[in-house]
Number of protein chains: 2
Amino acid sequence: MEYNAKQIQIIEVAERLFADKGFAGTSVRDIAQEANVNVSMISYYFGSKEKLIEALFAMRMGESRSRMEMLLGNEDLIPIQKINILIDSAIDRLMGNQCFHNIMMREQLSSERTPTISEHIRGLKLRNVQLMQKLIEEGQAVGAFRKNIDLSLMSTTLYGTINYAIATQDFYKRINGLEDMEEAEFQIHLRRKLSQHLKSLFKSTVTNEHHNQN
Amino acid sequence: MEYNAKQIQIIEVAERLFADKGFAGTSVRDIAQEANVNVSMISYYFGSKEKLIEALFAMRMGESRSRMEMLLGNEDLIPIQKINILIDSAIDRLMGNQCFHNIMMREQLSSERTPTISEHIRGLKLRNVQLMQKLIEEGQAVGAFRKNIDLSLMSTTLYGTINYAIATQDFYKRINGLEDMEEAEFQIHLRRKLSQHLKSLFKSTVTNEHHNQN
DNA sequence: GGTAAAATCAAACAATCGTTTGATTTTTAT
DNA sequence: ATAAAAATCAAACGATTGTTTGATTTTACC
């Protein structure tokens, strides 16, 4: 599906409001007002509020397809380097689209699911899990990684940690005394901390290397 | 605050519906119908829908206070054993109250927060983080744990992993071919897998021990 | 420049929302 | 048994919901 500038404007406003207040908590009049369009434009362009969030998923999902897969082709990297790239790319993707992933998280918490949205999420998660499993199995094959690794829960830890860190970033700011830090600077700070933490976590957990106590 | 049987009945139905469909997505008529009470009873007992969810938080938060803290007093346990108890108690708490923690997760994703609820969540999270930090610092003091551990992100990984595992348990079921498993049995299965995974994760990450490749 | 299509608008639509009302029943206590 | 208090109910309240209508303006094309 192709969207014109005004449609994208509506989608992006809706994305922010859905992330802030939830789908049911956001009225089409809220969206129309913030997007500076008439209320009827939403039904006119998308058919319904429900179809609008489906359009949002169609747009965002279509964007970042097959960006990570290329890292698999690079044969110059050792297994742990590929894992590190996977970690950083996950952090970039989630931190760079916090509103959208907030909505995705809400959608997964909900039981009244839209079939097409559920399918999008399931497909994305399947790709993520399979990519990580492939990387870990590669490492195991060359003897670099441990054998007793819970493959499906490793990706749960990766995405669970990032998602939870984003959801609780205000709390993180507070207990680490970073309330006065510039917002953009804080985002960079959190990315770096998450990257270090997760790389250390994965290195300790999946590799056979001994600890380097520094 | 003390609640009578009918009030608790309303609160528990509301908890399930809020978890399923969100606060804004659940109408007081939905709640009244499923709880077999008249709509006006909600305003009559709680004042408003908003006050109802606050009552839910007051009730659930008041229940499990200071249950974990006692594990700190036990001096017979070595640091990693205390960490393992912390992990299992977190799994028990979140898996045993999935509806409530679903609502808590939604609340943290939202920007339009109720002050009293935010305060409840902040207090709970603060206790969780401080308890884990204390345990890790105890282990570091006796030389059992590594020094370079990101204290605040360790609890993010613990609670992020559990929350995300619960939110995506249908997906977990599917990719592990457990769709035919009895629901109660699956819950036990997931608890055990989570416990093993997180204990292994924490052992590898925080201790100085070398890996035991089995 | 004229005409058809697309876009925009205020207004109205029926449905649902949270809450209140006022009468009625049930419970409690003397 | 009686009076006061608590609980329950159907009905109605005004506000807001998502959507549609029909008229009007803007855009695109020959």
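FYI, side chains are in, hydrogens and waters are out, and symmetry mates aren't considered; it's all heavy atoms of this structure. Letters A, B, ... mirror the listed sequences (proteins, then strands); counts begin at 1.
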For this session: Please assess A:Asn97 against A:Arg93 for the test side-chain hydrogen bond (donor to acceptor under 3.5 Å, both in side chains), listing each intermediate value before the final yes or no.
Result: CA-CA 6 Å; A:Asn97 301 279; A:Arg93 191 151 42 90; over 6 Å; no
For this session: Start with the C-alpha distance between A:Tyr3 and A:Tyr45, add both sets of side-chain angles, then the distance that settles ring pair (Phe, Tyr, Trp, His ring centres under 6.0 Å), and finish with yes or no.
Result: CA-CA 9 Å; A:Tyr3 301 110; A:Tyr45 274 134; 9.6 Å; no
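More than 12 heavy atoms of other residues, nucleotides or ligands shown are found within 6.0 angstrom of CD on A:Glu179. No more than 12 heavy-atom neighbours from other residues, nucleotides or ligands sit within 6.0 angstrom of CG on A:Asp180.
Nucleotides of DNA chain C with any atom under 4.0 Å from a heavy atom of chain B span, from 5' to 3', C:dC17 to C:dT21.
Judged by distance alone, the side chain of A:Asn38 and the main-chain N or O of A:Ser40 form a donor-acceptor pair under 3.5 Å. A distance-only check finds no donor-acceptor pair linking the side chain of B:Lys51 to the backbone of B:Ser43 [under 3.5 Å].
In the model, A:Glu183 has a side-chain atom that pairs as donor or acceptor with a side-chain atom of A:Gln187 under 3.5 Å. Side-chain atoms of B:Glu2 and B:Gln7 form no donor-acceptor pair, as typed in the model, at a separation below 3.5 Å. The closest side-chain donor-acceptor pair between A:Ser204 and B:Arg146 falls under 3.5 angstrom.
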Pairs under 3.5 Å (N/O, protein and nucleotides 16-18 of chain D):
residue : atom : partner : partner atom : Å
D:dG18  : OP1  : A:Thr26 : O            : 3.3
D:dG18  : OP1  : A:Lys49 : NZ           : 2.8
D:dG18  : OP2  : A:Val28 : N            : 2.9
D:dG18  : N7   : A:Arg29 : NH1          : 2.8
D:dG18  : O6   : A:Arg29 : NH2          : 2.9

Each nucleotide N or O in nucleotides 26-28 of chain D that has a protein N or O under 3.5 Å away: list the pair and distance.
none

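Residue contacts for A:Tyr44: at a heavy-atom cut-off of 4.0 Å it reaches a base atom on one of the strands shown. Across all strands shown, B:Phe46 has no heavy atoms under 4.0 Å from either base or sugar-phosphate atoms.
Note that CG of B:Leu124 and CE of B:Met61 are 4.5 Å apart. Values are rounded to the nearest 0.5 Å.
Contacts between residues 7-17 of chain A and DNA chain D, counted as heavy-atom distances below 4.0 Å, involve no residue at all.
With pairs defined as Watson-Crick or G-U wobble and both atom distances under 3.5 Å, the stems of at least three pairs that touch DNA chain C come out as C:3-29 with D:2-28.
In summary, A:Lys82 and A:Glu138 engage in a salt bridge, as defined by a charged side-chain N under 4.0 Å from a carboxylate O.
The side chain to side chain donor-acceptor pair (under 3.5 Å) with B:Thr114 is formed by just one residue from the set B:Glu50, B:Glu54, B:Glu119; it is B:Glu50. Among the candidates A:Arg122, A:Arg113, A:Lys125, the single residue satisfying the salt bridge (Lys or Arg N to Asp or Glu O under 4.0 Å) test with B:Asp170 is A:Arg113.
Counting only heavy atoms from C-beta outward, the side chains of B:Met132 and B:Leu151 never approach each other to under 4.5 Å.
Of the residues near DNA chain C, B:Asn38 and A:Lys6, the one whose nearest nucleotide (by heavy atom distance) lies more toward the 5' end is A:Lys6.
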With a cut-off of 3.5 Å and sequence neighbours excluded, list every side-chain donor-acceptor pair involving residues 189-198 of chain A.
residue  : atom : partner  : partner atom : Å
A:Arg191 : NH1  : A:Asp92  : OD1          : 3.0
A:Ser195 : OG   : A:Asp88  : OD1          : 2.7
A:Ser195 : OG   : A:Lys199 : NZ           : 3.2
A:His197 : NE2  : B:Leu153 : O            : 3.2
A:His197 : NE2  : B:Thr157 : OG1          : 2.8

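Rounded to whole Å, the distance from OH on A:Tyr45 to C1' on D:dT20 is 17 Å.
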